There are 2 protein chains.
Amino acid sequence: MPRWEHGSEDRLKKAAIELFDEQGFENTSVIEISERARVTTRTFFRYFSDKREVLFAGSDELRAMLVEKILQAPDVGEPLKVVTAVLSEFDWESLGSRNSQRQRQAVIAANPELLERDLSKNHSIAVGFMDALRQRGVDADIARLAAHVGIQLFCTAYIHWLEAGVKSDLALMSESAMSLLASIVPTNAQLPFPGEKSARVAAKQADRSPLRRTGQR
Amino acid sequence: MPRWEHGSEDRLKKAAIELFDEQGFENTSVIEISERARVTTRTFFRYFSDKREVLFAGSDELRAMLVEKILQAPDVGEPLKVVTAVLSEFDWESLGSRNSQRQRQAVIAANPELLERDLSKNHSIAVGFMDALRQRGVDADIARLAAHVGIQLFCTAYIHWLEAGVKSDLALMSESAMSLLASIVPTNAQLPFPGEKSARVAAKQADRSPLRRTGQR
DNA sequence: GTCTATAGTCCGATAGAC
DNA sequence: GTCTATCGGACTATAGAC
C-alpha cells in the first residue's frame, strides 16, 4: 500500500474545477482545493505554478503538438490557411465533451484573471506558430499576421462550434470565418496607392521602409 | 503646510518605472516602490488595483477615447479600415517619446506577468471596438473579426513604428500591414460566394447569418 | 513539511481643503 | 460640516524558500 494516494494531480484538477464551478474562482482558495484533494498546498504548487494554471494543464503539450504540425505541413505557401487548417484538424473533442468545454469557457469568461491567462496561452500558441512559419521560410511580418489572424479566425469558429449542435464542423466554421475576413479586407483596387502607383509599386515602397515584404503573391 | 505631500500617484508611477528598469519587475516589491514615493503600500493599492497596473495607468481612458472615435466614425461600411484608421490617427507620441515607449515595451516583454496584462489591455480595447461596431449596426461576427484583426494589424505597424526612425508614419505602416494581410487572405475566386465582387454585398449577406449557415461551399 | 515574504483587503482614524 | 487623501495596523492568501 502506497504511503500517499496516487493521482494527486488529477484529484487537484477535479477538485479545482468543481470548486470554481460551485463558488467561483476568487472565492476558492488553494487551501480549499488541496484539502478536497487530500494533499497540502505545497503539493498543489508542485504541480501548478500558480492557482490559475490548474485550469490550463496540458496547454504546453497542446501548443507543442500544434507547432509541430506547422513544421510538418507539406506546403506553407498559404500560411493563413495552414494555420487554420492545423487548428481545425485537431480533434478538440479529445479534450473533453463539448459541454465540459463550454463550462470551462464560462468559468474563464467569468473571471478577469483567468481570461488574462487564457489570452496569454493563445498568444503563446501564436508566437509558436509565427516562429514555426519563419523557420519554414515565411517572411517575418507575414508569419506574425498569419499566426495571429489565423488564431483569431479559429477562435471565431470555435465560439460558434461550442454553441452549435453536435453536427457542426469546425473546418466548415473556419472556412466561413475566412470568407467573412475576405469580405472585409480591402481588395487591391482599394489600396492606398491606386492608379499611377500599382500594387507592384506599393510592394516596392513597402520593401524599402515600412514592412519588409518578400515577393510572394 | 500639508501633512502629506501631494502628487502621490505621480511619484508612485515614477518610482515604479525607475525601479523596474533598475532591477526588474519581479525583483521589485510594492513596499520598495512605496518607500521611494514616500507613502505606504496602502496608498499604492489605493491608486493601482495591483502591482502591474502601475505600468498601465491611463489605459482605461485611452480605450474609452478610441471607442468613442469608433462610435463617431462617419461611416462603418469598411469596419476593418475604421479600426486601423482610429488607431493610426491617434497621436501616440503624446503618450511619451518613442524612446520611452520602446523602453516600456522592453520592460513588458521581459516579464510574463506584464506581457499577460498587456495582452489583456489590448483585448479589452478589441472588445470595446467590437461592441461599438455592433452598436453601429455591424454584424456580430464581422465586428469581432474587424476589431481583433484591426488591432493585430496596428500592432504590426506599431512594432515597426517603434523601431523605425523619426520620419516613419503610423498610418503608412498600417496601410502596409493591410496590404500584407490582403496578400495572404484567399481571394474571392476561392470564396464560397464566387459571384460577389463587393465587400459590402458580402457583408450584407453575412448580416443574415454568416457562420450559422450550414450549406456553404 | 514548515516557515516566511509579498500581495492585496478591510476598517477606522486623522488632517487639510472646500 | 463634508469631502478627499492619507496613514496605521491587522488580516488572509499566494507563492517561494528553507
Side-chain angles (χ1 to χ4, degrees), chain A residues 2-6 8-9 11-13 15-20 22-57 59-60 107-108 110-118 120-121, chain B residues 1-20 22-61 107-108 110-118 120-121:
Chain A
R3 183 158 170 199
W4 298 286
E5 300 181 66
H6 287 187
S8 302
E9 185 176 356
R11 286 204 314 281
L12 281 166
K13 271 195 249 181
I17 290 169
E18 283 172 10
L19 286 165
F20 293 164
E22 287 169 22
Q23 54 190 32
F25 175 78
E26 55 268 350
N27 301 321
T28 303
S29 72
V30 176
I31 301 174
E32 253 178 304
I33 299 167
S34 306
E35 279 171 357
R36 184 174 290 206
R38 296 182 299 280
V39 296
T40 64
T41 63
R42 178 76 179 79
T43 304
F44 181 95
F45 288 112
R46 249 183 62 79
Y47 287 108
F48 312 105
S49 58
D50 69 41
K51 186 178 157 185
R52 293 177 267 174
E53 280 297 307
V54 68
L55 270 177
F56 298 91
S59 71
D60 284 355
V107 172
I108 290 171
N111 188 280
E113 289 183 66
L114 291 175
L115 187 57
E116 206 167 52
R117 181 56 55 88
D118 195 43
S120 173
K121 294 293 183 185
Chain B
M1 201 163 113
R3 180 163 175 194
W4 300 287
E5 300 179 66
H6 286 182
S8 302
E9 185 175 358
D10 288 336
R11 288 204 312 282
L12 281 166
K13 270 193 249 181
K14 190 165 168 289
I17 290 167
E18 284 171 10
L19 286 165
F20 292 165
E22 286 169 23
Q23 54 191 32
F25 176 78
E26 54 266 353
N27 301 321
T28 304
S29 73
V30 176
I31 300 174
E32 254 177 304
I33 299 167
S34 307
E35 277 172 359
R36 183 173 290 205
R38 298 181 299 278
V39 295
T40 62
T41 63
R42 181 70 185 83
T43 302
F44 181 95
F45 288 114
R46 251 188 68 74
Y47 287 107
F48 312 105
S49 58
D50 68 44
K51 186 178 159 188
R52 292 176 268 174
E53 279 297 307
V54 69
L55 271 177
F56 298 91
S59 72
D60 284 355
E61 292 72 18
V107 172
I108 290 171
N111 187 280
E113 287 183 69
L114 292 175
L115 187 57
E116 206 168 54
R117 181 56 54 88
D118 195 44
S120 172
K121 294 292 183 186

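Every chain is numbered from 1 and lettered A, B, ... according to where its sequence line falls, protein lines coming before strand lines. Everything numeric in this text was worked out from a predicted model, so none of it was measured. All values below were derived from every heavy atom in this structure, side-chain atoms included, with hydrogens, water molecules and symmetry-related copies excluded.
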Can you measure [X] atom [atom1] to [N] atom [atom2] for me and round it to whole angstrom units?
| X | N | atom1 | atom2 | result |
| --- | --- | --- | --- | --- |
| A/R42 | D/dG16 | CZ | P | 10 Å |
| B/I33 | C/dA7 | CD1 | C1' | 11 Å |
| A/E26 | D/dT14 | CD | C1' | 15 Å |
| B/E35 | D/dT6 | CD | P | 17 Å |
| B/E113 | D/dT14 | CD | C1' | 12 Å |
| B/N27 | D/dA15 | CG | P | 17 Å |

So [Y] and [X], do their side chains get closer than 4.5 Å, heavy atoms only?
| X | Y | value |
| --- | --- | --- |
| B/V30 | B/F45 | yes |
| B/S34 | B/T40 | no |
| A/F48 | A/K13 | yes |
| A/E116 | B/R52 | yes |

Which heavy atom of A/F44 sits nearest to which heavy atom of A/D50, and what is that distance? CE2-O, 4.0 Å
Walking DNA chain D from its 5' end, the first of B/E9 and A/I31 to be reached, judged by nearest nucleotide, is B/E9
What residues 44-52 of chain A contributes to the DNA chain C interface at heavy-atom separation below 4.0 Å is none
Using a 4.0 Å heavy-atom cut-off, does B/T41 contact any base of the nucleic acid, only the sugar-phosphate backbone, or nothing at all? nothing
Among A/I33, A/N111, A/N27, which residue meets the side chain to side chain contact (heavy atoms under 4.5 Å, CB included) test with A/F20? A/I33
Is a donor on one side and an acceptor on the other found under 3.5 Å between the side chain of A/T28 and the backbone of A/G24? yes
Donor-acceptor check, side chain of A/E32 to backbone of A/S29, threshold 3.5 angstrom: yes or no? yes
Going by heavy atoms closer than 4.0 Å, what residues in residues 53-61 of chain B are next to DNA chain D? none
Residue-phosphate contact under 4.0 Å: B/S8 side-chain N/O, D/dA5 OP1/OP2: no
So, OP1 or OP2 of D/dT6: does either fall under 4.0 Å of a side-chain N or O from B/T43? no
Residues B/E113, B/K51: salt bridge by 4.0 Å N-O rule: no
